[in-house]
Number of protein chains: 2
Amino acid sequence: MSANIPEACCTLEISGERQEKLIAMFKALGNPTRFEIMKFLVTHPGCITGDIVSFLPIAQATVSQHLRVLRDAGFIKGTVAGTATSYCLYEENIVWFRSEIGDVF
Amino acid sequence: MSANIPEACCTLEISGERQEKLIAMFKALGNPTRFEIMKFLVTHPGCITGDIVSFLPIAQATVSQHLRVLRDAGFIKGTVAGTATSYCLYEENIVWFRSEIGDVF
DNA sequence: TCCTTTTATCGTATATTTACGATGATTATA
DNA sequence: TATAATCATCGTAAATATACGATAAAAGGA
């Protein structure tokens, strides 16, 4: 008989780069303001930074900083359009995120 | 014709207390040390704090602090057993976590 | 060319997180 | 009743995150 470990409700079988990437995504989502930005982008795809700044009660510089965190985590994608920057969800990465969670949880 | 918003890859239809709870869980998982503790608990259910301290390269006080964050987020459950405390994954809450993510992503 | 619009970045202040050693509380054991 | 074992909490130092105003960069329009 091998060690009898009762099976858990999740495997968490992940490591290395995949784990780091997943943790960075969790961290990015673990902030109320960034979560609101994500929600806003679902209903306002392609909106520009200024739209998000108008929507949120925080300064433009702060919004820009949060957008960077979301961008670095892979959740959103920015496209420069004239003087503005248009933002969308980064669908491929979100699909990856969902898939990884499905694997480990 | 109503506003033609192309459908996103996720709805993020969540708010209020549910959203706060989910964000707190993301935040708790968004730390490498805490993620490792979660992984350790999958393979060592019922282990005591000292086991986790031996496993990780950080001080006992710090481990205890991380355990508290995971406990507050609902990911783990501690049971006092003599002078020790035995920890397990909090399966019901993890199931809830998985289910919420399935709904919004 | 000059001015406006838009956004990212810089510098910085404050808040939070993360880490540690020390201590106290609790339980078991000699 | 001492003594040991185990762990949470306290106080605190250092690092990181979050927020802001100011400024710079880039593009468009007058």
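Letters A, B, ... mirror the listed sequences (proteins, then strands); counts begin at 1.
Residues A:Ala81 and A:Val69 each lie close to DNA chain D; by heavy-atom proximity, the contact nearer the 5' end of the strand is made by A:Val69. Of the residues near DNA chain C, A:Ala84 and A:Arg68, the one whose nearest nucleotide (by heavy atom distance) lies more toward the 5' end is A:Ala84. Residue A:Gly30 is the one, among A:Gly30 and A:Val80, whose nearest nucleotide of DNA chain D lies closer to the 5' end (criterion: closest heavy atom). Each of A:Val63 and B:Ile58 lies near DNA chain C, and the nucleotide nearest A:Val63 is the one positioned closer to the 5' end.
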Between A:Phe55 and A:His44, is a side chain to side chain contact (heavy atoms under 4.5 Å, CB included) present by the stated rule, with each step listed?
CA-CA 11 Å; A:Phe55 175 66; A:His44 302 78; over 6 Å; no
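Between B:Asp103 and B:Ile14 the shortest side-chain heavy-atom distance does not fall below 4.5 Å. The shortest distance between side-chain heavy atoms of A:His66 and A:Ile58 falls below 4.5 Å. Side-chain contact between B:Pro45 and B:Leu89 is absent, with no heavy atoms from C-beta onward closer than 4.5 Å.
Proximity note for B:Ala61 (side chain, C-beta onward) versus D:dT9, D:dA8, D:dC20: the nearest is D:dT9. Candidate nucleotides D:dG28, D:dA8, D:dC20 were compared by shortest atom distance to the side chain of A:Thr83, and D:dG28 ranks first.
The phosphate of D:dC7 (OP1 or OP2) has no side-chain N or O of B:Ser64 nearer than 4.0 angstrom. Taking 4.0 angstrom as the limit, A:Lys27 places a side-chain polar atom (N or O) nearer than this to OP1 or OP2 of D:dA17. Applying the 4.0 Å criterion to OP1 and OP2 of D:dA19, one finds that A:His66 has a side-chain N or O inside that range. Within the structure, every side-chain polar atom (N or O) of B:Tyr87 is placed at least 4.0 Å from both OP1 and OP2 of D:dT6. A sub-4.0 Å separation between OP1 or OP2 of D:dT18 and a side-chain N or O of A:Asn31 is present.
Distance CG (A:Leu56) to P (D:dC20): 11 Å, rounded to an integer number of Å. If you take CD1 of A:Ile37 and C1' of D:dT18, they are 12 Å apart, rounded to a whole angstrom. The separation between B:Asp51 atom CG and D:dC7 atom P is 8 Å, rounded to whole Å. When rounded to the nearest whole Å, the span between CD of B:Gln65 and P of D:dA13 equals 15 Å. Here the P atom of nucleotide D:dA19 and the CD atom of A:Glu36 are 13 Å apart, to the nearest Å. With rounding to whole Å, B:Ile48 atom CD1 is found 10 Å from D:dA8 atom P.
Judged by distance alone, with hydrogens and angles left aside, the side-chain atoms of A:Arg98 form a donor-acceptor pair with the main-chain N or O of B:Cys9 at under 3.5 Å. Checked by atom type and distance alone, the side chain of A:Lys27 never pairs as donor or acceptor with a backbone atom of A:Leu22 at under 3.5 Å.
Under 3.5 Å, the side chain of B:Gln60 and the base of D:dA8 form at least one donor-acceptor pair of N or O atoms.
Rounding to the nearest 0.5 angstrom, the gap separating the OG1 atom in B:Thr11 from the NZ atom in A:Lys39 is 10.0 Å.
Using cut-offs of 30° and 60° on the angle between ring planes, the pair B:Phe97 and B:Phe75 is perpendicular.
Counting non-hydrogen atoms under 4.0 angstrom, B:Thr62 reaches a base of the nucleic acid.
Between chain A and DNA chain C, the heavy-atom contact criterion of under 4.0 Å yields a 5' to 3' nucleotide range of C:dT5 to C:dT9.
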